[in-house]
Protein chains: 2
Amino acid sequence: MVLSPQLLNSSSAAWTTKINLEIRCIYINICIVKLEDAIKSNKFKSETQKAGLNVLYTAWWLKTLSVKELKTFGITHEQYNVLRILKGKHPELMCVKDIASRMIEKSSNVPRIVDRLEIKKFIKRTQGEIDGRQTVVTLTEKGIDVLAKATIKLDAISEKSVAITNEDAMLLNTLLEKFRTKE
Amino acid sequence: MVLSPQLLNSSSAAWTTKINLEIRCIYINICIVKLEDAIKSNKFKSETQKAGLNVLYTAWWLKTLSVKELKTFGITHEQYNVLRILKGKHPELMCVKDIASRMIEKSSNVPRIVDRLEIKKFIKRTQGEIDGRQTVVTLTEKGIDVLAKATIKLDAISEKSVAITNEDAMLLNTLLEKFRTKE
DNA sequence: TTATTTTATATGTATATACATCTATTTATG
DNA sequence: CATAAATAGATGTATATACATATAAAATAA
């Protein structure tokens, strides 16, 4: 829409509506801020209920940011998490259970995530020597490489998109822990 | 494990270890508090990075609580969300796109969630009269009923499990909005 | 030592996410 | 009006979640 002199001098109601829509559009493109706007609702039972929805929405928002980046590396969010966990112990071997206990989403099906990482040659998997029930996993050079590159990209995205200060982040961490704690 | 007098009088290292494990177990059952314990990691690049992981973990924790409850009603978390959204406009009809725009997870595949709700007779679906492309949806009596019962149960769970005060919840909401906003 | 129980992992199923593509309408344009 | 473009939703695919069940190895008990 072009703001021609004729249009700017006009005073019709239709014109006003058009301008408002335009402003709203710019606002959405820069940053969706309010939960109310994100889920088109402002009827919350309590601040606590709203906080719950806000946590869920923020998690989705954050996950979506990284999913888009990781796609360029051919890995999913969960596959990235497993690579990151393996890196923490590298070059030590880790068993599947150990990886699972470090996952953010505890219900993740680690054996199958490991399946896919093995197909892409990002990890190597062997049967445990000490405990024959275990499957032990370690990063390959290719895995270390893709993890490093993806991590640089994700850090940049986080730097660009997450605007919170260090003090606010500390406070947020405290509040999230309070949120999860009864008594 | 029974704390017999003999055991209490014992001073072996093995005994000490056993008691520690027991205490740890009780602690986990009551409340997993710290992110460091939940994901067995305390190496964070920054408070902001930790906050990101903390948001993701808290969202998983919260979702898991409700998923367990909703299972007793035969619905999933996402199906519940669609029912809740429909309730907000009831008895008005809502089209699929309208529902999608109110979902917390924007990448939800609403047509397929609606499929499953229709099979269970919780919603009724018809083709739009004004716009033939639209599929319009409304709650059935059965849907209203299951939503009401599930909501009561979820509110009780939230009351029991989420310990944050009203003031802290308000602050948390502000911080999450800050987290999502770049300038 | 053998049988039982537990543990580590794999596998199966229903549903969801994330996204691409297809189809039927509707709206816009020549 | 006819054709092109846009829109709403359906459908397909790979991967994930959430959970149940199966299998094999290890630990424990009888």
Side-chain angles (χ1 to χ4, degrees), chain A residues 56-57 59-83 93-120 122-123 125-137, chain B residues 1 56-57 59-83 93-101 103-120 122-123 125-137:
Chain A
L56 293 174
Y57 175 70
W60 174 82
W61 176 86
L62 186 60
K63 209 167 162 178
T64 302
L65 278 182
S66 54
V67 162
K68 277 176 189 155
E69 278 314 308
L70 291 172
K71 205 175 185 188
T72 66
F73 296 97
I75 52 174
T76 66
H77 193 255
E78 291 65 29
Q79 289 169 9
Y80 176 81
N81 270 329
V82 169
L83 293 179
L93 299 168
M94 285 187 87
C95 72
V96 168
K97 200 194 167 193
D98 233 32
I99 298 168
S101 73
R102 286 169 167 77
M103 295 293 280
I104 292 166
E105 313 211 347
K106 299 302 172 193
S107 35
S108 296
N109 197 332
V110 178
R112 265 187 296 233
I113 297 172
V114 164
D115 281 347
R116 274 135 205 166
L117 288 171
E118 195 183 27
I119 291 167
K120 291 170 202 157
F122 290 149
I123 58 141
R125 152 157 67 174
T126 43
Q127 199 181 5
E129 284 185 11
I130 304 130
D131 187 334
R133 290 168 302 183
Q134 291 183 342
T135 295
V136 292
V137 181
Chain B
M1 178 185 182
L56 293 174
Y57 175 70
W60 174 82
W61 175 86
L62 186 60
K63 208 167 164 179
T64 303
L65 278 182
S66 54
V67 162
K68 277 176 189 158
E69 277 315 307
L70 291 172
K71 205 174 184 189
T72 65
F73 295 97
I75 53 174
T76 66
H77 192 253
E78 291 66 28
Q79 288 169 10
Y80 176 80
N81 270 330
V82 169
L83 294 178
L93 298 169
M94 285 186 88
C95 72
V96 168
K97 200 194 169 195
D98 233 31
I99 298 169
S101 72
M103 294 292 281
I104 292 167
E105 314 213 347
K106 299 301 173 196
S107 34
S108 295
N109 197 332
V110 178
R112 265 188 296 233
I113 297 173
V114 164
D115 280 347
R116 274 139 204 161
L117 288 171
E118 194 182 29
I119 291 167
K120 290 171 204 160
F122 291 150
I123 59 140
R125 151 159 68 173
T126 43
Q127 200 182 6
E129 284 184 11
I130 304 130
D131 187 333
R133 290 170 300 182
Q134 291 183 342
T135 295
V136 291
V137 182

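We name chains A, B, ... by the order of the sequence lines, and we start the count at 1 in each one. This one's a predicted model, so the numbers in the text were calculated from it and none came from an experiment.
Distance A/Met94 CE to C/dT9 C1': 15 Å, rounded to the nearest Å. Here the P atom of nucleotide D/dA27 and the CD1 atom of A/Ile130 are 11 Å apart, to the nearest Å. Spacing between atom OH of A/Tyr57 and atom P of C/dT17 amounts to 15 Å, rounded to whole angstrom units. One can place CG of B/Asp115 at 10 Å from C1' of D/dT11, the figure rounded to the nearest angstrom. Atom P of nucleotide C/dT17 and atom CG of A/Leu70 are separated by 19 Å, given to the nearest angstrom. Distance, B/Glu69 CD to D/dC19 C1': 16 Å, rounded to whole Å. Protein atom CD1 of A/Ile104 is 11 Å distant from nucleotide atom P of D/dT17, rounded to whole Å. Note: CE (A/Met103) to C1' (D/dT17) measures 11 Å, nearest angstrom.
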List every contact pair, protein side and nucleotides 14-16 of chain C side both N or O, where the distance is under 3.5 Å.
unit_1	atom_1	unit_2	atom_2	d
C/dA16	OP1	B/Thr76	OG1	2.4
C/dA16	OP1	B/Gln79	NE2	3.2
C/dA16	OP2	B/Arg116	NH1	2.9

Taking N or O atoms only and anything under 3.5 Å, show me the protein contacts with nucleotides 1-3 of chain D, one pair per line.
none

Are any protein N/O atoms closer than 3.5 Å to N/O atoms in nucleotides 5-7 of chain D? If there are, list each pair with its distance.
unit_1	atom_1	unit_2	atom_2	d
D/dT7	O2	B/Arg133	NH1	3.0

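Here A/Gln79 pairs with A/Lys120 under the side-chain hydrogen bond (donor to acceptor under 3.5 Å, both in side chains) rule; sequence neighbours left out. Take A/Val96 and apply the side-chain contact (heavy atoms from CB on, under 4.5 Å) test, not counting sequence neighbours, and it matches A/Val110, A/Pro111, A/Thr135. Partners of A/Arg133 according to the side-chain hydrogen bond (donor to acceptor under 3.5 Å, both in side chains) rule, which considers only residues two or more places apart in sequence or in another chain, are A/Asp131. With sequence neighbours left out, A/Glu105 forms a side-chain hydrogen bond (donor to acceptor under 3.5 Å, both in side chains) with A/Lys63. In this view, B/Lys106 and A/Ile39, A/Tyr57, A/Trp60 satisfy the side-chain contact (heavy atoms from CB on, under 4.5 Å) rule, not counting sequence neighbours. Partners of B/Arg116 under the salt bridge (Lys or Arg N to Asp or Glu O under 4.0 Å) rule, at least two apart in sequence or in another chain, do not exist in this structure.
Phosphate proximity of C/dA10 to A/Thr135: present, with a side-chain N or O under 4.0 Å from OP1 or OP2. The phosphate of D/dA20 (OP1 or OP2) has a side-chain N or O of B/Lys71 nearer than 4.0 angstrom. One finds a side-chain N or O of A/Arg125 lying less than 4.0 angstrom from the OP1 or OP2 phosphate oxygen of C/dA10.
A/Asn81 is listed as a side-chain neighbour of A/His77, based on a closest heavy-atom distance under 4.5 Å.
Toward the 5′ end of DNA chain D lies the nearest nucleotide of B/Asp98, the other residue of the pair A/Gly132 and B/Asp98 mapping further downstream.
Nearest nucleotide to the side chain of A/Gln134, out of D/dG9, C/dT9, D/dC19: C/dT9.
The shortest heavy-atom contact between B/Leu56 and A/Ala59 is CD2-O, 3.6 Å.
For the side chain to side chain contact (heavy atoms under 4.5 Å, CB included) test with A/Arg125, the passing option among A/Leu117, A/Val136, A/Leu93, A/Asp115 is A/Asp115; the others fail.
Using a 4.0 Å heavy-atom distance criterion, B/Val67 is classed as a sugar-phosphate-only contact.
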